[in-house]
Amino acid sequence: MRMGSSWRWQLSRAMRLALRWCRLCRPQRGGRAGGSRPWISGRTSELWSYSKVLLKSLYYNSLSNSDTLLDCVFEPVYWIVDNVTRWFGVVFVCLVILLTTSVLVIVYLFVLPTILSTYPVLWIVWHLCCGHWLLIMVVFHYYKATTTSPGHPPKQKVHIPSVSICKKCITPKPPRTHHCSICDICVLKMDHHCPWLNNCVGHFNHRYFFSFCLYMTLGCIYCSISSRNLFLEAYSAVESYYQTPPPEYTFRETTAHKCIIFLCVLTSSVAVALGGLTLWHAMLISRGETSVERHINRKETKRLREKGKVFRNPHHHGKMNNWKLLFGVEKKSHWFTRVLLPSSHLPSGDGITEKNQEPLVLNS
């Protein structure tokens, strides 16, 4: 039986079958001559049988099943969600740039002058070095994460190890490769599609993504702690606005109070939310998993446990080795030059081949 190639074909086919079903509902001429009750009973039985055939014909064949029917029905919803997410990705990137810029403006206008005028020399040097180091790391890794391609399997007819065929791209899928419905392409070692980057997180930009999350969290914590005294003063000043008579503050002072409160609330909220995300990805990296593989491996572990077997992740090389593979650390000096300083070095491997690709299954 022919299987619909798109949801439009399935919809038109269903409408044709429904129209035929409605035609069967019309009473035939002379139908009442033999008595209405036998005709109604026979007609009802015929309609019921045809309805079952109509329902089964939509998804029962050698190439499809009920899941394919649901995919066809929800295809318009998927299309809308994917396109809206792709469009909102640009908005999210602009929002990240706008909020980061606003934090920088507030720090340079209100926080940094206070530090320079009231702190000792050693604290001033520490704040200038630490703050600008975090700023450079955040900007560098965010730029690289958004502009670096996550990596895609080659479309040429070359001999590469593959575990399946992508039903959307109709190309071989190497291990750890998954299809992104938003980007509409297969991604090597896909972790997830990040709308805040408007890009997929994969083999070639996973390090940039995690480093951005880490340094952005540290930067938000740094801003929150550095401006805590200013926040308490600004909060007390704002509370005094409602006194009678209200204190006399200049426009610059009231603006500074509101900006400091905005700075602390924003950086504290981002530190908590992004910090949780960073810890989650740190746990996945320690286990040698991606976000997609996390769900797959949990199901596989449960399935094999019921059979008395133990699942071993083939991509888990030990916690420290997993971190070295992510950051591309090959010698001790790389912890400084490749982790604590901006670096554009490529990750280990090509994202297609890896040793011990097959999962390890041990009898318990």
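Side chains are part of it too, since the values below use all heavy atoms of this structure and drop only hydrogens, waters and symmetry mates.
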Going by salt bridge (Lys or Arg N to Asp or Glu O under 4.0 Å), name the residues that satisfy it together with R303, two or more places apart in sequence or in a different chain. E300
Take R338 and E330, measure what side chain to side chain contact (heavy atoms under 4.5 Å, CB included) needs, and give me the verdict at the end. CA-CA 10 Å; R338 294 186 172 185; E330 299 174 358; 4.3 Å; yes
When you group the ILVMFWY residues by side-chain heavy-atom contacts below 4.5 Å and let the links chain together, are [Y] and [X] in the same group?
X	Y	result
L188	I182	no
L277	M137	yes
V138	L279	no
Y235	V238	no
V93	Y208	no

What residues form a side-chain hydrogen bond (donor to acceptor under 3.5 Å, both in side chains) with [X], not counting sequence neighbours?
X	answer
T254	none
H316	N322
S240	none
T267	S224

Any side-chain donor near an acceptor of the partner, N313 and E289, under 3.5 Å: no
Kindly indicate whether the side chain of [X], heavy atoms from C-beta on, has any atom under 4.5 Å from the side chain of [Y].
X	Y	value
N198	T146	no
S102	L98	no
I296	H178	yes

Enter the distance from L112:CG to S227:OG here, rounded to the nearest 0.5 Å. 12.0 Å
Could you measure the distance from the CG atom of L341 to the CZ atom of F336? Nearest 0.5 Å is fine. 4.0 Å
Residues, nucleotides or ligands: over 12 heavy atoms within 6.0 Å of [X] [atom1]:
X	atom1	result
R298	CZ	no
L122	CG	no
Y241	OH	yes

So, does [X] use its side chain to make a donor-acceptor pair with the main chain of [Y] at under 3.5 Å?
X	Y	result
T177	K173	no
H206	G202	no
S117	T114	yes
N199	A145	yes
R228	I225	yes
D191	S291	yes
E233	L230	no

Those residues that, when tested against F327, pass ring-ring contact (aromatic ring centres under 6.0 Å, His included) (two or more places apart): W323
Mind checking what makes ring-ring contact (aromatic ring centres under 6.0 Å, His included) contact with H203, not counting sequence neighbours? none
Is V272 isolated, or which residues cluster with it under the ILVMFWY side-chain rule of less than 4.5 Å, directly or via members? none
Could you identify which residues cluster with V125, counting Ile, Leu, Val, Met, Phe, Trp and Tyr as linked when any side-chain heavy atoms lie under 4.5 Å apart, either directly or through a chain of such contacts? V121
Could you give all pairs that pass the side chain to side chain donor-acceptor pair (under 3.5 Å) test and reach residues 121-136, with sequence neighbours left out? Y108-H132, H127-Y222
Among K189, R176, R287, which residue satisfies the salt bridge (Lys or Arg N to Asp or Glu O under 4.0 Å) criterion with E293? R176
Non-neighbouring partners of L95 that pass side-chain contact (heavy atoms from CB on, under 4.5 Å), sequence neighbours left out: L99, W196
Show your working on side chain to side chain contact (heavy atoms under 4.5 Å, CB included) between V339 and V329 and close with a plain yes or no. CA-CA 8 Å; V339 179; V329 174; 4.0 Å; yes
Does any pair with a residue in residues 252-282 pass ring pair (Phe, Tyr, Trp, His ring centres under 6.0 Å), and if so which ones, sequence neighbours excluded? H192-H281, F209-H281, Y249-H257
